[in-house]
**Q** 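Following this message is one structure expressed as structure tokens.
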Amino acid sequence: MTEQRKAVALISGGLDSLLAARAVMDQGVHVEGINFYTGFCVEGHTHAIREKDRARPKRNNALWVAEQLGIRLHIVDIIDEYMDVVINPQHGYGTHLNPCLDCKVFMVNKAREWIVEHDFDFIITGEVIGQRPMSQRKHTMTVVARDSGAGDRLVRPLCAQNLPPTLPEQKGWLDRDRMYGFSGRSRRPQMALAAKYGFEDYAQPAGGCCFLTDRQYSVKLEDLWKTRGRREYDVDDIMLLKVGRHLRPRADLKLIVGREEGENRFLEGYRKRFVHMLPASHVGPLVLLDGNTDANAIELAARLTARFSKGRDAGQVTVEVNDRDGNSRMLAVRPMPADEIPADWYL
Amino acid sequence: MNTATIDARHLLCPLPVIRTQDAVADCRPGDHLQVVCTDPGVMHDIPAWCRVHGHEVCAIERSDNEITIEIQVGEAD
Ligand code: SF4
């Protein structure tokens, strides 16, 4: 009997990795999925925070893919190790702060370590040549295989026919003719293959797979680095950048303003880390103060808090100001008129 | 049979799933695990994770702010 070969597939939750894994399973290989959680993944997060998103089906797309395929999925927390990828990408950034090429190399390398540890034979990704501007050109395919150390144990079933034969093909574990030669940006071949396999309702990510491809998010992250004078972050920083309105009225003060109930509840979890305020006389948001909280900053923040409350047109709003030790006091302020808030305060 | 509790409050998905996964790795078949969470996303994600790994969700309890999911660890393969 021939030995059962085993492969791990990088599952992002999108269609391509679903199809790539399926194409290999069709050839009798045992496949398990691996999904890396960088902290920036669009997956799973904001959907649970914002009230308005609660009506939409909440699902983790990578888990959904695993269920469709009937395979195990290992979700790996790489938040800490990934920081170096974001902060010092050797191959630079894409359009925003997305270090796509370094990110791919990093993830394939992690998958390589995983297959060594678990005695698997090779790695599958859903990459397609020419699909995305930066990370999926033919040249970058070689870079990912080389720099990750995966070499010819890295198989891209959707474009395998356009690339040199990999080890599993040379050894006869995979039949090259039963893989594909997709290239370019068209999604039609993938959609046709999905239809052939009967996959429906798959996720269709618009930009990339993470917040780092988002302009506004990248602006907020740059701002964080600039004001701290250091390019660094921790997990709470990157979660908070996904939530609320961010305003910087002074170089040394940033406000995070909850936009609705779900966000206010989430921000409440940070009450002990930040001086925070909320309107007492009117309905309004929870606001966290990040930075200098001298008397002028408190006054300014309270007027802005009042501005985002239901009392925005009232002559006066009472705001509850809380310090990190749980002491609170009331402050009556005049809400800041909209035309006194310069557009560049909004990050 | 052991019952362990993990505190995944104030973590957003998929971190509660990852904490569950790590805790299950240290369990034996038949052990019970209680995961206490605040992100409503877990109501979908933890059962989905259990389905793909062959563990059983015994109960999901929801109070005002917290969700507790009880899992029975399935057979290892
Ligand atoms: S979009 Fe984000 S997760 Fe996807 S490859 Fe680029 S940096 Fe990595």
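Within every chain, numbering begins at 1; the chains are lettered A, B, ... in the order of the sequence lines, protein sequences first and strands thereafter. Hydrogens, waters and symmetry mates play no part in the numbers below; they use all other heavy atoms, side chains included. Note that the coordinates shown come from a computational prediction; the quantities given were computed from them, not determined experimentally.
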**Q** Could you look at A:Ile71 and say if it's the side chain, the backbone, both or neither that has a heavy atom under 4.5 Å from chain B?
**A**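 For A:Ile71, backbone heavy atoms alone lie under 4.5 Å from chain B.
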**Q** Which pair of non-hydrogen atoms, one from B:His53 and one from A:Leu73, has the smallest distance, and what is that distance?
**A** NE2-O, 2.7 Å
**Q** Return yes when atom CZ of A:Arg273 has more than 12 non-hydrogen atoms of other residues, nucleotides or ligands closer than 6.0 Å, and no otherwise.
**A** yes
**Q** How long is the gap from OG1 on B:Thr38 to CD on A:Glu268, to the nearest 0.5 Å?
**A**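 Reported to 0.5 Å precision, the distance equals 11.0 Å.
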**Q** Minimum heavy-atom separation for A:Phe266 to B:Leu12, with atom names?
**A** CE1-CD1, 3.3 Å
**Q** Please determine whether the number of non-hydrogen atoms from other residues, nucleotides or ligands lying under 6.0 Å from atom CD of A:Gln216 exceeds 12.
**A**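 No, CD of A:Gln216 has 12 or fewer neighbouring heavy atoms, counting only those of other groups under 6.0 Å.
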**Q** State, to 0.1 Å, how close B:Arg19 and A:Asp77 come at their nearest heavy-atom pair, and which atoms those are.
**A** NH1-OD2, 3.7 Å
**Q** If you count every heavy atom of other residues, nucleotides or ligands that lies below 6.0 Å from B:Glu61 atom CD, does the total exceed 12?
**A**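 No, not enclosed.
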**Q** Mind checking whether B:Val17 and A:Tyr37 have side chains closer than 4.5 Å, heavy atoms only?
**A** no
**Q** First locate atom CD1 of B:Ile46, then atom CG of A:Asn60, and finally report the distance between them rounded to the nearest 0.5 Å.
**A**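 Going from CD1 on B:Ile46 over to CG on A:Asn60, the span is 11.0 Å.
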**Q** Of all of B:Arg9, B:Arg51, B:His10, B:Met43, which one pairs up most often with chain A through heavy atoms under 4.5 Å apart?
**A** B:Arg51
**Q** Quick check: closest heavy atoms across A:Arg265 and B:Asn65, and the distance to 0.1 Å?
**A** CD-OD1, 4.4 Å
**Q** Please round to the nearest 0.5 Å and tell me the distance separating atom CD of A:Glu67 and atom CH2 of B:Trp49.
**A**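 Answer rounded to 0.5 Å: 12.5 Å.
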